[in-house]
Amino acid sequence: MKEKLLLFLVFLTNLVVYGQNTCDTALPVQAGITVIDAINGSQAPSPFCVTGGTVATAGEWYVYSPIGNHTVTVTTDLNINIGDDPRVHIYKGDCTNLVCVAGDDDSGTLGNPDALCVVTFDALAGNDYFIAFDNKWDASGITFKLIENEYIPQPVAIVSFTQQTVGLTGSYRDCVVDMNGDYLDDIVSVSNGQVQMLLQTETGSFQSVTRPTPTTNFLPSWSIAAGDINKDGYNDLVYGNGQGVAFMRQNSTQTGFELMTSPEYVFSQRTNFIDIDNDGNLDAFVCHDVAPNVRYINDGTGNLIFAQGGMGDYPSGGNYGSIFVDYDNDGDMDLFIAKCGSGPIDELHQNNGDGTFTDVSIAAGMAEPSQSWSSAWADYDNDGDMDAMIGASSNTSGGHKLRLNNGDGTFTDVTAGSGLDVFLSTNIENVAHDFDNDGFVDLFMGGNTIMINNGNMTFTPNPVNTSVGSIGDLNNDGFLDVQYNNNIFLNTGNDNNWLKVHLEGVDSNRNGIGARIELYGTWGKQIREVRSGDGFRHMSSLNTHFGIGTAETITKLVVKWPSGIVDEILNPNINESILVVESSTLGVASTKNNAFILYPNPASEVLNIQNNSFEIEAAMIYDITGRKVVSTKNNVQSLDVHALSAGTYVVILRDTDGKTHTQKFIKK
């Protein structure tokens with residue numbers, strides 16, 4: 001008996017392979033079980049290949065070098081690990097240039113809550129694959145199993161990215177949005193005491209600019225959102241923190257930020273900017289994890305007034321992923337909350353049009369128990385209304401859910417057969433964007449996978465080399481890119497055509513957040529909405545992006561503003577960016593601005609500006625398709641318009657405080 005026990009102990013000892021502290025000393029592993037004594041190595045994994053926070057101080061490193069081609073699974077979803085909370089990153093390349101292949105945090109099914117990880121990737125002979133565990137959530141020992149499955153070659157990826165490292169220095173790198181008023185997507189990185197901005201230039205490079213901020217205890221440890229609070233043309237930020245909420249407003253000279261806070265305790269989850277009461281001023285909404293949700297109402301003079309209740313009142317919270325969407329096509333933005341916890345169910349709140357909301361979850365068929373941190377809404381079948389995908393952060397509540405909008409205020413479960421029913425990778429981040437420009441909105445989910453929309457409410461997995469991050473056009477080529485941690489992943493693109501739409505609200509909020517944009521062509525109709533804050537943590541571009549496939553013409557573009565104003569532009573050009581100023585396509589009188597006068601109007605040669613109210617920093621003229629046709633700087637008193645074709649144009653004057661003033665004129 002003692003001899004058998006000794007042999008068994010020797011067998012177990014052979015399974016214990018101690019992880020190495022750095023990538024350079026990574027320990028070789030093959031198929032089988034490996035036991036890690038503790039995650040305490042001196043090199044933390046970087047770049048991060050999985051969402052769930054970018055702060056880790058230690059790691060354990062292994063290298064897998066297959067002698068044949070395999071589809072490999074690395075899993076900690078084992079009974080021995082119940083109670084642990086590991087996180088794993090998979091890289092290829094070498095230790096001086098690690099490239100993410102895959103990663104996972106909480107895709108396992110064991111334990112309560114689900115905290116174990118499972119990740120699958122293709123491993124080809126002749127390559128080294130580094131397996132690294134970090135101590136973000138748990139530094140205790142862990143056992144993992146490497147399984148070599150049959151390799152089945154995958155089809156060529158429809159969407160792929162090239163990775164570039166950028167110089168972000170801040171602690172929180174979760175924001176892509178225009179920060180200097182030129183409508184090009186910039187990258188924002190936040191630290192205590194400063195905001196670093198990588199400002200995109202027209203040549204496709206970035207200029208690094210750092211602006212000071214007041215220090216605050218409320219850094220964006222959970223989420224960040226952006227919007228123009230005071231309508232000065234420059235976007236401001238809201239930080240969601242586990243203790244409270246902070247607003248960072250750009251000052252009038254764009255040299256720094258002003259701090260706006262309130263004393264209330266808020267365990268922030270998703271943050272959003274949205275005009276809740278539709279008075280033309282941006283308000284803020286914040287999911288509260290342990291109490292009813294809160295909002296900050298903009299009084300129009302720069303003050304944000306705290307309020308609580310009426311928009312998700314479950315007493316113990318569980319509010320994680322808020323997103324504003326006009327699900328009933330009545331022209332105002334409703335609210336969906338993806339819930340997480342042992343008791344709460346998802347909530348859908350209908351906007352009553354007067355600043356109040358009604359919980360219609362049960363009537364709409366959306367009141368379901370969920371383990372979700374975010375949902376992704378889009379018109380996946382291009383039938384004119386918004387459908388929903390509620391992403392699972394664990395599989396205890398049945399996995400991902402796909403809901404078809406019936407057009408009557410209710411939804412139908414169409415998960416079965418959609419491809420989402422067999423896609424088991426979980427994630428806290430789920431977003432909806434058209435990455436291949438084919439005119440159908442795709443889903444970026446867990447497992448480093450974009451689910452490509454087939455156009456019929458089914459989706460096909462497309463592995464990529466990044467987790468979900470902040471989405472925007474980071475090289476201004478008309479294809480959507482990803483910023484994740486200290487890297488940008490540039491879309492390699494294809495031959496499909498596109499249109500980008502920039503909005504400038506006048507009666508509505510400056511960003512046009514809450515606007516419905518419709519695009520018509522041979523495909524029928526596509527719809528988009530301008531949202532501040534999708535997914536769970538990140539902030540993505542406020543520019544609106546359409547792919548149109550191989551179509552070479554657009555019949556019309558329609559913008560339905562929160563104010564109720566509708567702008568319509570016929571036959572806009574493809575593969576261009578277009579600026580739409582609110583009410584610019586209505587009548588000359590509709591944009592009358594008493595701050596200055598244009599004369600003569602109509603004009604043929606010279607358009608004079610009579611202005612005694614402000615100093616002009618820049619003057620621009622746009623045609624009714626939103627293209628800039630004249631631009632000049634300094635305190636001009638007249639504009640040369642002789643070369644313009646006959647028609648209606650919009651003059652935009654920007655003053656030295658950053659505010660804009662708009663008038664229309666007719667060129668004869």
Side-chain angles (χ1 to χ4, degrees), residues 178-183 227-236 249-258 260 275 279-282 298-304 502-513 561-563 565 567 579-624 626 628-642 644 648-668:
D178 170 33
M179 292 297 288
N180 61 344
D182 63 359
Y183 294 102
D228 187 352
I229 297 173
N230 56 350
K231 299 182 109 171
D232 65 353
Y234 302 116
N235 283 320
D236 312 298
R249 188 172 65 187
Q250 287 203 68
N251 63 25
S252 59
T253 58
Q254 259 198 307
T255 56
F257 288 78
E258 303 164 351
M260 304 164 61
D275 187 357
D279 64 351
N281 301 301
L282 271 187
N298 190 334
D299 68 359
T301 65
N303 298 312
L304 294 170
H502 312 315
L503 297 187
E504 183 177 311
V506 179
D507 294 336
S508 302
N509 67 84
R510 175 61 183 260
N511 305 103
I513 292 170
W561 297 86
S563 65
I565 291 173
D567 280 302
L579 173 66
V580 181
V581 179
E582 186 172 12
S583 73
S584 62
T585 65
L586 298 178
V588 174
S590 67
T591 56
K592 184 176 181 180
N593 188 323
N594 294 326
F596 69 99
I597 297 172
L598 298 176
Y599 69 95
N601 191 4
S604 58
E605 300 290 329
V606 175
L607 183 66
N608 297 302
I609 303 171
Q610 181 180 320
N611 164 47
N612 298 315
S613 303
F614 53 87
E615 183 177 354
I616 301 172
E617 179 184 68
M620 296 150 285
I621 299 178
Y622 291 83
D623 65 18
I624 60 172
K628 186 188 298 183
V629 293
V630 173
S631 179
T632 185
K633 294 185 179 296
N634 302 319
N635 198 22
V636 296
Q637 296 180 335
S638 63
L639 296 168
D640 183 357
V641 298
H642 81 279
L644 299 181
T648 301
Y649 296 85
V650 177
V651 174
I652 300 177
L653 304 181
R654 186 170 69 235
D655 65 28
T656 53
D657 291 329
K659 295 182 179 180
T660 58
H661 311 269
T662 305
Q663 286 271 18
K664 292 182 68 174
F665 82 96
I666 296 174
K667 170 63 169 61
K668 63 180 182 180

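Quantities reported herein were computed from a predicted structural model and do not represent experimental measurements.
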Using the salt bridge (Lys or Arg N to Asp or Glu O under 4.0 Å) criterion, which residues pair with E615? Sequence neighbours excluded.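 Result, salt bridge (Lys or Arg N to Asp or Glu O under 4.0 Å) vs E615: none returned.
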
Under the side chain to side chain donor-acceptor pair (under 3.5 Å) test, which residues partner N511, sequence neighbours left out?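 Per chain and number, N511 pairs via side chain to side chain donor-acceptor pair (under 3.5 Å) with N235.
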
Side chain to side chain donor-acceptor pair (under 3.5 Å) partners of D640, counting only residues at least two apart: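 With sequence neighbours excluded, D640 shows a side chain to side chain donor-acceptor pair (under 3.5 Å) to H642, given in chain and number order.
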
Which residues pass the side-chain contact (heavy atoms from CB on, under 4.5 Å) test with D236, sequence neighbours left out? D228, I229, N230, R249, Q250

Between [X] and [Y], which heavy-atom pair has the shortest distance, and what is it?
{"X": "S583", "Y": "D567", "answer": "N-OD2, 2.7 Å"}
{"X": "G300", "Y": "N281", "answer": "CA-ND2, 3.6 Å"}
{"X": "L644", "Y": "K667", "answer": "O-NZ, 3.2 Å"}
{"X": "L653", "Y": "A619", "answer": "CD2-CB, 3.5 Å"}
{"X": "K664", "Y": "V650", "answer": "CG-CG2, 4.0 Å"}
{"X": "P600", "Y": "A603", "answer": "O-CB, 3.2 Å"}

Look up atom [atom1] in [X] and atom [atom2] in [Y], then write down how far apart they are to the nearest 0.5 Å.
{"X": "N601", "Y": "L607", "atom1": "CG", "atom2": "CG", "answer": "7.0 Å"}
{"X": "D655", "Y": "I616", "atom1": "CG", "atom2": "CD1", "answer": "9.0 Å"}
{"X": "D507", "Y": "W561", "atom1": "CG", "atom2": "CH2", "answer": "10.0 Å"}
{"X": "E504", "Y": "R510", "atom1": "CD", "atom2": "CZ", "answer": "4.0 Å"}
{"X": "S508", "Y": "K231", "atom1": "OG", "atom2": "NZ", "answer": "7.5 Å"}
{"X": "L503", "Y": "Y183", "atom1": "CG", "atom2": "OH", "answer": "8.0 Å"}

Test ring pair (Phe, Tyr, Trp, His ring centres under 6.0 Å) applied to F614 - qualifying residues, sequence neighbours left out: H661

Partner set under ring pair (Phe, Tyr, Trp, His ring centres under 6.0 Å) for F257, not counting sequence neighbours: none

Can any side-chain N or O of [X] pair as donor or acceptor with the backbone N or O of [Y] at less than 3.5 Å?
{"X": "S604", "Y": "K668", "result": "no"}
{"X": "N611", "Y": "Q637", "result": "no"}
{"X": "Q663", "Y": "L598", "result": "no"}
{"X": "D178", "Y": "N180", "result": "yes"}
{"X": "Q610", "Y": "I597", "result": "no"}

Run I513 and D275 through side-chain contact (heavy atoms from CB on, under 4.5 Å) and show every step you take. CA-CA 7 Å; I513 292 170; D275 187 357; over 6 Å; no

Would you sort out whether V630 and Y649 count as a side-chain contact (heavy atoms from CB on, under 4.5 Å), showing the intermediate values? CA-CA 10 Å; V630 173; Y649 296 85; over 6 Å; no

